[in-house]
Amino acid sequence: MTTVTTGTTSPKGAHGTSHTRVEGLEKITGAARYAGDIPFAELAHGWLALSTVARGRIRSVETGPVLEMPGVLAVLHHGNAPHVNTDYVGMLGAPDPTIAVFQNDRVPHRGWPVALVVAETPEEAREAAEALVVEYEEEPHDIAFSAGHPDAYAHDGPQGAAVMEKGDLEAQLASSAVLVDEEYTTPEEHHNPMEPHAAAARWEGGRLEVFDSNQGSAWVVNELAQLFSLDPSAVRVRSEHVGGAFGSKGIRAHQVAAVMAATMLQRPVRVVLTRRQMFSLTGYRSPTTQRVRLGADADGRLLALEHDSLSLTSSVHEFVEPSAGVGRVLYDADAHHTANRIVRLDVPSPTFMRAPGEAPGSFALESAFDELAEKCGIDPIELRARNEPEAGPLSGLPFSSRNLLACFEEGARRFGWADRDPRPGVRREGHRLLGTGTAAAFFPSNAIPSTAAVTAEADGTFTVRITAADIGTGARTALTLIAAETLDVATERVNVRIGDSDFGQAMIAGGSMGTRSWGWAVTIAARDLREQLALGGSIPPEGITARSDTSEAIGALTASERHSFGAQFAEVTVDPATGEVRVRRMLGIFAAGRIVNPLTARSQFLGGMTWGISMALHEEALRDGASGGVVGADFAGYHVASNADVPSIEADWVDDPDPNDPVGIKGIGEIGIVGAAAAIANAVWHATGERQRSLPIRPDRVLKAAGG
């Protein structure tokens, strides 16, 4: 046995200093194993067959010829698949029936899973799945999304109430000296992480084991246990490395299909989705149409704010893109009305996608605010300062900290905003027009109860165990720094293990709540362990472990509103002959609490801002009215920003202390995209003098606005 003390010197490379990823070497050398890489003895491979009609019923599945093909082991479909239970409420509400694969003959959208072909090799499974003949009774479908759809209705979602209001809207609009009343639209957008969705399932010693790519292994355990009527202790889910997620990697059809096949065949089965399959099976951001009405007095003070947003959902599941919620935090008005509505169509279910609601909502509201600034003859930053609320506009709760204006002040200084000629269409560089724009950003900073265990090992190291997920954010590294700081040891002595549901319940990597929730749990456990070690004595071979559960502590956070804030700045050039828009430089300044690891934090901000460029100029999924499917469901047809689209982009932050917060960490994963598209759109107006109220800002739209 070894005697260990935590030491009294400041730990090298602890919380608040830049640190390269602890798993970085594994990733760049290929040693890191993803869900599709892990080897198994007797592994079989499943390939999903998807519907080719947008609505109807399955008349027949011709399995006979396929079962005779080389290597084919089974074909699962609605006629032979195990029954699953969907009568439950999970972490995010009732499950999307899309995950309950092969339960009936209904087809609610194109790309619906109709069968799983299992074979000895992935090549044999794919060939057989593509040869499988499925006959349908096709029915008329409706995928047409537009403002004013007669079947739209208000629906509360997990992110808040559908409708919130105060004051007499029409009266305040009538008394306003300046009015803005415009409609803004955003298209369907898809996550497209680098790593496709993959899952392998096997039964081991009477226990279901799933090796998965997900955003929360405990979350997937709870869902699978409910679906298959198992005790959660009988299910183990591991997700060691994840190559991106952005909201799409929760519980999906491929995991459930893999479990079904492994149960029927009594051997491991892996299902990996193709890029094209991901466009219909893993969710997406709904298109939106948003009407914003702003009324202000002559000095630019808001008297009325109305934000009405319409998004779509599938015919089998209700999911709301809560775009109208942005104003509930950013701006107050005497009359304040916001509403999120949805319409059911014959399309796949949308889902959470980086800054759900805030990303499209900020484009509409921050564009409208820029239009209000123009009409008032007030600088856009000054207008925001005049409308800075003292408390939550609708909740009335105090802000735990709100340093939005500090972000604008620092951003304006570094961007050179004071040198800007406010007149549109006057700056040129050769034949190109130049413009600059800005927009506000925010994202909630919440926490979810989580558990953690920290062990002092006999060899002098420390092991942290928590069911966290590192989806590319650097969570492993952040938790290493948090543990090292709390234990007051060098980071090299801390080993963080994540992605295993056996480590207990913990928050998923989502809602910008992961590091905050996990860091809190790790801090409490590490602090308790340090107190135990301070008593002295030796450490036994099995180590000394302290455990934490933050359920009780997190309840105290309800007394105030907690958010990260930011200010986005963009400079663009516009070619008036071709309509081409290029972002020349971007700057984001954020107020996001304590920054655990500046290196990976800056990477997260830059990633979100780059996605904002994609949102503003490139991303647009189009559906074919005849087939109901996405046109060009691949990287050739679906465009995203590349290095050539981002010549100069910078992110930084201001101090954002919160003396009443026991953790001080705020979410940063999602705020980087918020306001970015609006800043670019506002810069395009400044360059051309023409507003762009629909994304993406394509060359044809620029030319049309200019009368070309």
Side-chain angles (χ1 to χ4, degrees), residues 35-51 58 61-86 95 97-105 111-132 134 196-214 220-221 223-230 234-239 251-274 277-278 281-282:
D37 302 329
I38 299 171
F40 297 93
E42 299 184 338
L43 177 65
H45 300 268
W47 203 277
L48 283 168
L50 308 183
S51 70
I58 301 170
V61 182
E62 305 298 332
T63 61
V66 168
L67 289 169
E68 296 178 358
M69 294 179 69
V72 174
L73 301 170
V75 179
L76 279 72
H77 55 89
H78 72 278
N80 63 4
H83 173 74
V84 295
N85 167 49
T86 58
T98 304
I99 66 173
V101 291
F102 320 137
Q103 296 301 290
N104 55 59
D105 62 357
W112 177 265
V114 295
L116 179 77
V117 178
V118 187
E120 297 288 355
T121 69
E123 293 80 9
E124 290 170 334
R126 179 170 192 167
E127 182 180 9
E130 291 177 348
L132 183 66
V134 181
H197 295 61
R202 72 176 179 187
W203 287 91
E204 186 75 17
R207 195 180 191 207
L208 175 63
E209 291 195 333
V210 177
F211 296 80
D212 190 24
S213 176
N214 65 50
V220 177
V221 161
E223 297 286 334
L224 290 176
Q226 294 273 16
L227 285 165
F228 290 95
S229 301
L230 298 169
V235 185
R236 183 184 188 186
V237 174
R238 281 177 273 183
S239 185
I251 181 72
R252 299 291 176 196
H254 67 287
Q255 296 139 311
V256 179
V259 173
M260 285 182 173
T263 302
M264 292 180 67
L265 297 175
Q266 287 299 298
R267 61 184 287 187
V269 176
R270 175 183 291 148
V271 179
V272 180
L273 299 184
T274 66
Q277 289 174 335
M278 287 163 56
L281 289 180
T282 61

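The first residue of the sequence shown is numbered 1, and numbering continues consecutively from there. Note that this is a predicted model, so its numbers are computed, not measured.
For His197, the ring pair (Phe, Tyr, Trp, His ring centres under 6.0 Å) partners two or more places apart in sequence, or in a different chain, are His254. Leu67 is linked by a side chain to side chain contact (heavy atoms under 4.5 Å, CB included) to Thr63, Val72, Val75, counting only residues two or more places apart in sequence or in another chain. By the side chain to side chain contact (heavy atoms under 4.5 Å, CB included) test, Asn80 is found to be paired with Leu76, His77, residues two or more places apart in sequence or in another chain being considered. The side chain to side chain contact (heavy atoms under 4.5 Å, CB included) check on Gln103 picks up His83, Val84, Ala100, Met260, with sequence neighbours excluded. Residues satisfying the side chain to side chain contact (heavy atoms under 4.5 Å, CB included) criterion with Glu204, sequence neighbours excluded, are Arg202, Glu209. Looking at residues two or more places apart in sequence or on another chain, you find a side-chain hydrogen bond (donor to acceptor under 3.5 Å, both in side chains) between Thr98 and Asp96. Residues forming a ring pair (Phe, Tyr, Trp, His ring centres under 6.0 Å) with Phe102 (at least two apart in sequence, or on another chain): none. Scanning for side-chain hydrogen bond (donor to acceptor under 3.5 Å, both in side chains) contacts around Thr263 gives Trp203, with sequence neighbours left out. With sequence neighbours excluded, no residue satisfies side-chain hydrogen bond (donor to acceptor under 3.5 Å, both in side chains) with Ser239. Every salt bridge (charged side-chain N to carboxylate O under 4.0 Å, His left out) that Glu130 has, sequence neighbours left out, goes to Arg126. By the side-chain hydrogen bond (donor to acceptor under 3.5 Å, both in side chains) test, Glu42 pairs with no residue at all, sequence neighbours left out.
Contact record, Ala198 with Gly36: CB-N, 4.0 Å, taken as the closest heavy-atom pair. For the residue pair Glu62 and Pro65, the shortest heavy atom distance occurs at O-CD, 3.7 Å. In plain terms, the two heavy atoms of Ala199 and Ala258 that are nearest each other are O-CB, 4.1 Å. Nearest heavy-atom pair across Ala41 and Pro268 is O-CG, 3.6 Å. Residues Pro196 and Met278 approach most closely at CA-SD, 3.7 Å, considering heavy atoms.
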Verdict with reasoning, Ile58 to Asn104, per side-chain contact (heavy atoms from CB on, under 4.5 Å): CA-CA 9 Å; Ile58 301 170; Asn104 55 59; over 6 Å; no
Chi angles and distances behind the side-chain contact (heavy atoms from CB on, under 4.5 Å) call for Gln277, Leu50: CA-CA 8 Å; Gln277 289 174 335; Leu50 308 183; 3.7 Å; yes
Check against side-chain contact (heavy atoms from CB on, under 4.5 Å), Arg238 and Val210: CA-CA 6 Å; Arg238 281 177 273 183; Val210 177; over 6 Å; no
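For the pair Leu43/Arg270, a side-chain contact is recorded, criterion being any heavy-atom separation below 4.5 Å from C-beta on. Looking only at side-chain heavy atoms (C-beta outward), Leu227 and Asn85 stay at 4.5 Å or farther from each other. Side-chain atoms of Thr86 and Ile99, non-hydrogen and from C-beta on, never get closer than 4.5 Å to each other. Side-chain contact between Val220 and Gln255: present, with at least one pair of heavy atoms (C-beta onward) separated by less than 4.5 Å.
Separating the CZ atom in Arg252 from the CD atom in Glu223 is a distance of 10.5 Å, to the nearest 0.5 Å. Between the CG atom in Leu273 and the CH2 atom in Trp47 there is a gap of 9.0 Å [rounded to 0.5 Å]. The distance from the OG atom of Ser213 to the CG atom of Asp37 is 10.5 Å, given to the nearest 0.5 Å.
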Identify all side-chain donor-acceptor contacts of residues 112-123 below 3.5 Å with residues at least two apart in sequence or on another chain.
| from | atom 1 | to | atom 2 | distance (Å) |
| --- | --- | --- | --- | --- |
| Trp112 | NE1 | Arg106 | O | 3.4 |
| Glu120 | OE1 | Arg267 | NH2 | 3.1 |
| Glu120 | OE2 | Arg267 | NH1 | 3.3 |
| Thr121 | OG1 | Glu124 | N | 3.0 |
| Thr121 | OG1 | Glu124 | OE1 | 3.3 |

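With Leu208 as the partner, the side chain to side chain contact (heavy atoms under 4.5 Å, CB included) test is satisfied by one option alone out of Val237, Leu230, Val221: Leu230.
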